Amino acid sequence: MFENPATISSSNSPHLRKSGSKSVFVDPGVNGLLGSVSEMGDLKGSSSPLHITTMVPSPIFLWRFKVVLFLFWALCCCKIGWDSVMRMSIDLRDLFLYEAFLYYNPLLLVTMMVWLWGVNLWVFSQGSVNYAKVFDLDHNHLTHREMWKCSMWLTIIVPTSMTAYLYLYSHGEVSLAASQPVLLYIAFALVLIFPFDIFYLSTRYFLLRTLWRIAFPLQPITFPDFFLADILTSMVKVFSDLERSVCRMVHKQVATIAWFEADAVCGSHQIAIPLVLVFPYICRLLQCLRQYKDTKEKSSLLNALKYSTAVPVIFLSALKYHVMPESWTSFYRPLWLFSSVINSLYSFYWDVTRDWDLSGFTKIFKFSRPSYISTLLYGRQWVYFWVIGSNLVLRCAWTYKLSAHLRHNYITVFTITALEMLRRFQWIFFRVENEWNKITKSHPMGEISLEEEKLLGSTTTHDV
């Protein structure tokens with residue numbers, strides 16, 4: 001009876017209306033454009049909305065851009081620092097550099113050690129040594145990428161603060177210059193003990209807990225305990241300078257020459273210096289005694305004897321400032337030299353025969369993927385000759401820093417300290433591999449879970 005009403009296409013009508021809503025006017029031209037876009041979508045068989053492609057810089061471009069920014073920053077720091085030093089009078093320039101070097105030298109050496117530790121982790125991740133199993137880490141452990149990220153920030157922050165100190169001091173802003181190292185030390189301390197879940201909370205907690213276990217070895221000693229304690233014995237220069245720097249900050253002697261007197265509160269003749277130098281060795285000695293109590297192994301006592309040989313080297317050297325010159329030359333100096341030789345040779349012997357396993361070619365540099373480094377180092381005899389020879393030379397040179405009466409040339413001391421950290425860097429490869437070999441011999445590979453084997457292959461961002 002009634003004809004069907006004509007259906008009006010909404011795509012052709014200039015007035016669109018939802019139920020219960022006001023009329024919306026759409027321009028016919030725009031509506032036609034929408035219709036053509038819809039038809040194109042239908043032709044492609046896709047009902048999804050349009051996706052607009054955004055231009056993202058390539059990783060290579062971003063990496064090159066970061067390198068350029070880093071080089072520009074380094075050039076600015078060098079230029080500002082050099083101009084600041086040249087503004088100083090010649091008679092005060094060396095003293096000025098010595099003081100600045102004292103405050104920033106410890107953090108620069110720590111930055112260097114973090115870089116080297118990242119290299120250690122990278123090499124382990126490329127080879128067959130499961131360092132996560134050796135250190136009993138879970139799957140969230142920090143990888144070399146995170147370590148290098150931390151070291152990069154340290155590399156930027158510490159020299160920037162040092163440049164600001166040089167610039168402000170040379171331009172007469174003494175109070176502002178004095179605040180630079182103080183603020184930097186406070187910032188590092190706060191970040192280290194920050195209780196909230198940022199800045200790798202689990203890693204900072206693990207580090208602080210291990211340091212506590214090293215200082216008070218009242219519990220069974222684990223591999224991370226004495227491994228970190230061994231590294232700390234190579235960083236006694238850092239602790240010595242930290243003690244002197246903090247002392248001057250507490251006594252408000254930063255950016256002054258009040259501390260330059262050797263017998264002053266924070267002078268170079270204070271008894272606190274040899275005490276700080278010997279502290280890591282005493283901790284390591286107590287660890288060996290605790291290990292002997294738990295295992296009854298005589299090798300632990302021999303290891304404790306090795307660390308005890310560093311004590312006379314440190315205190316005999318410090319006696320130079322507290323005895324008559326004739327007594328030092330005729331008696332104490334020859335005794336110090338004899339103690340130094342005993343300590344160096346004993347430590348070298350222990351490295352080669354106990355800490356390392358040189359019975360066969362090391363597999364550290366046998367990477368899962370062929371590379372130039374693996375081809376250069378794996379299965380090469382010269383690697384062993386280099387490691388053994390350099391370890392002997394640097395063991396003897398390290399006695400220089402243990403001796404308080406030889407530390408006045410701060411450039412020489414810094415160089416020897418850096419070389420000692422390089423020696424410790426190569427020591428880590430063979431020490432960790434030796435421990436891994438012990439684990440695989442006591443627990444065959446079939447007994448190691450697949451999850452533990454995959455710890456090295458994790459590429460996600462970690463927070464341990």
Side-chain angles (χ1 to χ4, degrees), residues 63-64 66-75 77-78 101 103-127 129 131-132 135 137 141-163 184-185 187-188 191-192 199-200 203-204 206-207 210-211 224 227-228 230-239 241-242 364-365 367 371-373 376-377 386-387 390-391 394 398 401 411 413-433 456 459 461-464:
W63 182 82
R64 291 176 179 175
K66 292 177 182 179
V67 170
V68 171
L69 284 181
F70 180 80
L71 293 178
F72 177 75
W73 162 86
L75 181 63
C77 287
C78 292
F101 203 76
Y103 299 137
Y104 292 98
N105 163 65
L107 298 180
L108 291 174
L109 291 172
V110 169
T111 302
M112 174 184 173
M113 197 65 211
V114 177
W115 275 111
L116 294 177
W117 176 240
V119 176
N120 288 130
L121 296 185
W122 176 78
V123 172
F124 291 144
S125 67
Q126 301 299 311
V129 176
Y131 69 89
F135 292 99
L137 303 175
H141 65 277
L142 286 181
T143 66
H144 60 277
R145 293 183 181 88
E146 284 78 22
M147 297 305 302
W148 284 340
K149 185 184 298 184
C150 295
S151 56
M152 177 58 71
W153 280 110
L154 289 173
T155 304
I156 294 174
I157 293 173
V158 176
T160 300
S161 177
M162 185 175 181
T163 303
L184 185 64
Y185 276 56
F188 270 85
V191 169
L192 190 61
F199 303 128
Y200 306 116
T203 297
R204 292 186 283 112
F206 180 83
L207 175 62
T210 305
L211 291 175
F227 180 84
L228 181 58
D230 274 332
I231 293 178
L232 296 182
T233 59
S234 295
M235 300 179 68
V236 291
K237 164 66 176 173
V238 173
F239 302 121
D241 287 350
L242 278 176
I364 299 172
F365 304 108
F367 293 171
S371 67
Y372 175 77
I373 296 179
L376 179 66
L377 300 178
W386 165 262
V387 169
S390 61
N391 191 74
L394 294 177
W398 182 232
K401 180 59 203 83
I411 298 296
V413 172
F414 177 83
T415 303
I416 292 179
T417 305
L419 290 175
E420 165 61 16
M421 295 171 68
L422 289 173
R423 185 199 69 81
R424 184 63 67 178
F425 161 72
Q426 68 182 18
W427 174 92
I428 289 174
F429 288 121
F430 298 93
R431 183 65 186 91
V432 174
E433 184 192 35
L456 292 176
T459 57
T461 302
H462 301 285
D463 186 22
V464 172

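All values reported here derive from a predicted model rather than from experimental measurement.
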message: Between Phe124 and His144, is the ring centroid distance below 6.0 Å?
response: no

query: Under the salt bridge (Lys or Arg N to Asp or Glu O under 4.0 Å) criterion, do Glu146 and Lys149 qualify, and how do the steps go?
result: CA-CA 5 Å; Glu146 284 78 22; Lys149 185 184 298 184; 5.6 Å; no

- prompt: Can you tell me if Trp122 and Thr143 form a side-chain donor-acceptor pair at under 3.5 Å?
  reply: no

message: With side-chain contact (heavy atoms from CB on, under 4.5 Å) as the criterion, how do Asp241 and Phe101 come out once you've worked through the C-alpha distance, each side chain's angles and the decisive distance to 0.1 Å?
response: CA-CA 10 Å; Asp241 287 350; Phe101 203 76; over 6 Å; no

Is there a donor-acceptor contact under 3.5 Å from the side chain of [X] to the main chain of [Y]?
X: Ser161; Y: Ile157; result: no
X: Arg423; Y: Ser390; result: no
X: Thr233; Y: Asp230; result: yes

Validation row: [X], [Y] side chains within 4.5 angstrom (heavy atoms):
X: Trp148; Y: Val114; answer: no
X: Phe429; Y: Val129; answer: no
X: Phe188; Y: Pro106; answer: no

task: Please lay out, stage by stage, how Ser234 and Trp427 fare under the test side-chain contact (heavy atoms from CB on, under 4.5 Å).
output: CA-CA 11 Å; Ser234 295; Trp427 174 92; over 6 Å; no

Let me confirm one number: the [atom1]-[atom2] distance from [X] to [Y], rounded to the nearest 0.5 Å.
X: Thr111; Y: Met152; atom1: OG1; atom2: CE; result: 11.0 Å
X: Leu207; Y: Leu142; atom1: CG; atom2: CG; result: 10.5 Å
X: Glu433; Y: Phe430; atom1: CD; atom2: CZ; result: 7.5 Å
X: Trp115; Y: Cys150; atom1: CH2; atom2: SG; result: 10.5 Å
X: Leu242; Y: Lys237; atom1: CG; atom2: NZ; result: 10.0 Å

field: Chi angles and distances behind the side-chain contact (heavy atoms from CB on, under 4.5 Å) call for Trp73, Thr160
entry: CA-CA 9 Å; Trp73 162 86; Thr160 300; 2.9 Å; yes

Work out which heavy atom in [X] is nearest to a heavy atom in [Y]; give both atom names and the distance.
X: Leu154; Y: Pro159; answer: O-CD, 3.7 Å
X: Asn105; Y: Phe414; answer: OD1-CD1, 2.8 Å
X: Pro224; Y: Phe135; answer: CG-O, 3.7 Å
X: Thr417; Y: Leu109; answer: CG2-CD1, 3.6 Å

side-chain contact (heavy atoms from CB on, under 4.5 Å) between Leu184 and Tyr104, intermediate numbers included: CA-CA 9 Å; Leu184 185 64; Tyr104 292 98; 3.6 Å; yes

query: Can you check ring-ring contact (aromatic ring centres under 6.0 Å, His included) on His141 and Tyr131, steps first, answer last?
result: CA-CA 10 Å; His141 65 277; Tyr131 69 89; 5.4 Å; yes

query: With Trp153, which residues qualify under ring pair (Phe, Tyr, Trp, His ring centres under 6.0 Å), at least two apart?
result: none

- prompt: Quick one: salt bridge (Lys or Arg N to Asp or Glu O under 4.0 Å) partners of Arg431, sequence neighbours excluded?
  reply: Asp355, Glu435

query: With sequence neighbours left out, what residues match Ile231 under side-chain contact (heavy atoms from CB on, under 4.5 Å)?
result: Met113, Phe227, Met235, Arg424, Ile428

